[in-house]
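What follows is one structure encoded as C-alpha coordinates, with my remarks underneath.
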Amino acid sequence: MLNEKVAELLNTQINKEFYSAYLYLAFANYFSEEGLDGFANWYQIQAQEERDHALLFIQYMQNNDARVTYEAIDKPEFSAEQHMDVLEAGLKHERYVTGLINTIYGAAYEVKDFRTMQFLDWFVKEQGEEETNASDLIKKMKLFGTDPKSLYLLDQEMAARTYAAPSLVL
Ligand code: FEO
(Lines give C-alpha, C1' and ligand atoms only; values in the text may rest on other atoms or scores of the structure.)
Protein backbone atom coordinates (compact mmCIF):
# COMPACT_ATOMS: atom_id res chain seq x y z
CA MET A 1 0.00 0.00 0.00
CA LEU A 2 1.56 3.27 -1.10
CA ASN A 3 1.55 6.29 1.17
CA GLU A 4 -1.13 8.76 0.01
CA LYS A 5 1.26 11.62 -0.70
CA VAL A 6 3.74 9.37 -2.51
CA ALA A 7 0.92 7.93 -4.63
CA GLU A 8 -0.33 11.41 -5.47
CA LEU A 9 3.13 12.56 -6.55
CA LEU A 10 3.63 9.40 -8.64
CA ASN A 11 0.28 9.97 -10.30
CA THR A 12 1.16 13.59 -11.08
CA GLN A 13 4.45 12.42 -12.57
CA ILE A 14 2.55 10.37 -15.17
CA ASN A 15 1.06 13.60 -16.46
CA LYS A 16 4.44 15.38 -16.37
CA GLU A 17 6.06 12.60 -18.40
CA PHE A 18 3.30 12.74 -21.02
CA TYR A 19 3.71 16.52 -21.08
CA SER A 20 7.44 15.98 -21.67
CA ALA A 21 6.60 13.74 -24.63
CA TYR A 22 4.25 16.42 -25.94
CA LEU A 23 6.89 19.14 -25.51
CA TYR A 24 9.50 17.10 -27.39
CA LEU A 25 7.05 16.39 -30.19
CA ALA A 26 6.61 20.16 -30.45
CA PHE A 27 10.41 20.54 -30.60
CA ALA A 28 10.50 17.89 -33.35
CA ASN A 29 7.89 19.86 -35.28
CA TYR A 30 9.95 23.01 -34.98
CA PHE A 31 13.06 21.33 -36.38
CA SER A 32 11.10 19.58 -39.08
CA GLU A 33 9.76 22.95 -40.25
CA GLU A 34 13.30 24.33 -40.16
CA GLY A 35 14.52 21.54 -42.45
CA LEU A 36 16.65 19.90 -39.75
CA ASP A 37 15.24 16.38 -39.94
CA GLY A 38 18.04 14.89 -37.83
CA PHE A 39 17.14 17.12 -34.90
CA ALA A 40 13.47 16.32 -35.51
CA ASN A 41 14.34 12.60 -35.35
CA TRP A 42 16.27 13.09 -32.11
CA TYR A 43 13.33 14.79 -30.41
CA GLN A 44 10.82 12.28 -31.79
CA ILE A 45 12.82 9.55 -30.08
CA GLN A 46 13.08 11.65 -26.95
CA ALA A 47 9.26 11.90 -26.98
CA GLN A 48 9.02 8.09 -27.22
CA GLU A 49 11.29 7.77 -24.20
CA GLU A 50 9.10 10.17 -22.24
CA ARG A 51 6.04 8.13 -23.10
CA ASP A 52 7.92 5.07 -21.83
CA HIS A 53 8.62 6.91 -18.58
CA ALA A 54 4.91 7.66 -18.16
CA LEU A 55 4.07 3.99 -18.78
CA LEU A 56 6.61 2.90 -16.18
CA PHE A 57 4.99 5.13 -13.56
CA ILE A 58 1.57 3.73 -14.49
CA GLN A 59 2.85 0.17 -14.26
CA TYR A 60 4.55 0.80 -10.93
CA MET A 61 1.36 2.26 -9.46
CA GLN A 62 -0.74 -0.59 -10.78
CA ASN A 63 1.72 -3.16 -9.42
CA ASN A 64 1.20 -1.56 -6.03
CA ASP A 65 -2.58 -1.40 -6.28
CA ALA A 66 -2.58 2.38 -6.39
CA ARG A 67 -5.34 4.15 -8.30
CA VAL A 68 -4.15 5.83 -11.50
CA THR A 69 -6.00 8.91 -12.75
CA TYR A 70 -5.30 10.90 -15.89
CA GLU A 71 -5.47 14.68 -16.04
CA ALA A 72 -5.43 17.00 -19.06
CA ILE A 73 -2.01 17.47 -20.65
CA ASP A 74 -0.94 21.12 -20.92
CA LYS A 75 -0.24 22.73 -24.25
CA PRO A 76 3.54 22.65 -24.84
CA GLU A 77 4.84 26.20 -24.50
CA PHE A 78 8.21 27.43 -25.73
CA SER A 79 9.41 30.29 -27.87
CA ALA A 80 12.02 29.70 -30.53
CA GLU A 81 13.60 32.61 -32.29
CA GLN A 82 16.65 30.52 -32.98
CA HIS A 83 17.56 26.82 -32.73
CA MET A 84 19.46 27.38 -29.50
CA ASP A 85 16.28 28.55 -27.74
CA VAL A 86 14.77 25.08 -28.24
CA LEU A 87 17.84 23.31 -26.91
CA GLU A 88 17.96 25.58 -23.88
CA ALA A 89 14.25 25.02 -23.23
CA GLY A 90 15.02 21.28 -23.30
CA LEU A 91 17.74 21.57 -20.67
CA LYS A 92 15.56 23.79 -18.48
CA HIS A 93 12.74 21.28 -18.75
CA GLU A 94 14.95 18.32 -17.81
CA ARG A 95 16.24 20.20 -14.76
CA TYR A 96 12.64 20.81 -13.77
CA VAL A 97 11.83 17.09 -14.16
CA THR A 98 14.87 16.18 -12.06
CA GLY A 99 13.43 18.39 -9.32
CA LEU A 100 10.10 16.56 -9.57
CA ILE A 101 11.77 13.16 -9.29
CA ASN A 102 13.78 14.37 -6.30
CA THR A 103 10.58 15.58 -4.62
CA ILE A 104 8.95 12.16 -5.01
CA TYR A 105 12.14 10.53 -3.74
CA GLY A 106 12.11 12.83 -0.71
CA ALA A 107 8.48 11.97 0.06
CA ALA A 108 9.22 8.24 -0.22
CA TYR A 109 12.28 8.63 2.00
CA GLU A 110 10.23 10.39 4.67
CA VAL A 111 7.87 7.43 5.03
CA LYS A 112 10.60 4.79 4.59
CA ASP A 113 9.07 3.63 1.32
CA PHE A 114 12.20 1.79 0.16
CA ARG A 115 10.41 0.10 -2.72
CA THR A 116 9.50 3.41 -4.31
CA MET A 117 12.98 4.73 -3.67
CA GLN A 118 14.44 1.73 -5.46
CA PHE A 119 12.03 2.23 -8.37
CA LEU A 120 13.03 5.90 -8.56
CA ASP A 121 16.76 5.12 -8.55
CA TRP A 122 16.50 4.34 -12.26
CA PHE A 123 14.89 7.73 -12.89
CA VAL A 124 17.52 9.56 -10.86
CA LYS A 125 20.19 8.05 -13.12
CA GLU A 126 18.11 8.67 -16.25
CA GLN A 127 17.67 12.34 -15.33
CA GLY A 128 21.42 12.68 -14.96
CA GLU A 129 21.84 11.28 -18.48
CA GLU A 130 19.12 13.46 -19.93
CA GLU A 131 20.56 16.63 -18.45
CA THR A 132 23.98 15.68 -19.83
CA ASN A 133 22.51 15.01 -23.29
CA ALA A 134 20.65 18.31 -23.28
CA SER A 135 23.70 20.26 -22.20
CA ASP A 136 25.95 18.45 -24.74
CA LEU A 137 23.55 19.49 -27.50
CA ILE A 138 23.87 23.11 -26.42
CA LYS A 139 27.66 22.86 -26.50
CA LYS A 140 27.59 21.34 -29.99
CA MET A 141 25.17 23.96 -31.27
CA LYS A 142 27.44 26.68 -29.88
CA LEU A 143 30.43 25.15 -31.64
CA PHE A 144 28.86 24.21 -34.97
CA GLY A 145 25.47 25.91 -35.24
CA THR A 146 26.56 29.10 -36.95
CA ASP A 147 28.29 27.40 -39.88
CA PRO A 148 25.77 25.83 -42.33
CA LYS A 149 28.10 22.97 -43.35
CA SER A 150 28.82 22.06 -39.74
CA LEU A 151 25.15 22.32 -38.86
CA TYR A 152 24.38 19.94 -41.72
CA LEU A 153 26.85 17.40 -40.30
CA LEU A 154 25.48 17.86 -36.79
CA ASP A 155 22.00 17.25 -38.13
CA GLN A 156 23.22 14.00 -39.67
CA GLU A 157 24.63 12.96 -36.31
CA MET A 158 21.23 13.63 -34.74
CA ALA A 159 19.58 11.56 -37.46
CA ALA A 160 21.56 8.52 -36.36
CA ARG A 161 19.79 8.27 -33.00
CA THR A 162 17.63 5.15 -32.78
CA TYR A 163 14.98 4.19 -30.28
CA ALA A 164 15.78 1.75 -27.51
CA ALA A 165 13.23 0.50 -25.01
CA PRO A 166 13.96 1.48 -21.38
CA SER A 167 16.34 -0.76 -19.48
CA LEU A 168 14.00 -0.76 -16.48
CA VAL A 169 11.55 -3.65 -16.49
CA LEU A 170 8.82 -3.85 -13.83
FE1 FEO B 1 11.15 11.60 -18.37
FE2 FEO B 1 13.15 13.59 -19.76
O3 FEO B 1 12.49 12.82 -18.23
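Just so you know, ligand 1 is whichever comes first in the structure, and atom 1 is the first atom listed for that ligand.
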Assess the side chains of Gln59 and Asn63: does a donor N or O sit below 3.5 Å from an acceptor N or O?
yes
Ionic contact status for Glu49 with Arg161, cut-off 4.0 Å:
yes
Closest Glu50 atom to atom 2 (Fe) of ligand 1 [N, O or S only]
OE2
Hey, which N, O or S atom on Glu130 ends up closest to atom 2 (Fe) of ligand 1?
OE1
Minimum-distance atom from atom 1 (Fe) of ligand 1 among N, O or S atoms of Glu17
OE1
For the residue pair Tyr24 and Tyr43, categorise the inter-ring angle as parallel (less than 30°), tilted (30 to 60°) or perpendicular (more than 60°).
parallel
Between atom 2 (Fe) of ligand 1 and Glu126, is there an N, O or S atom separated by less than 2.8 Å?
no
Are Phe119 and Phe57, when compared by the centres of their aromatic rings, separated by less than 6.0 Å?
yes
N/O/S atom name from His53 that is nearest to the position of atom 1 (Fe) of ligand 1
ND1
So, for His93 and Phe27, is the gap between ring centers shorter than 6.0 Å?
no
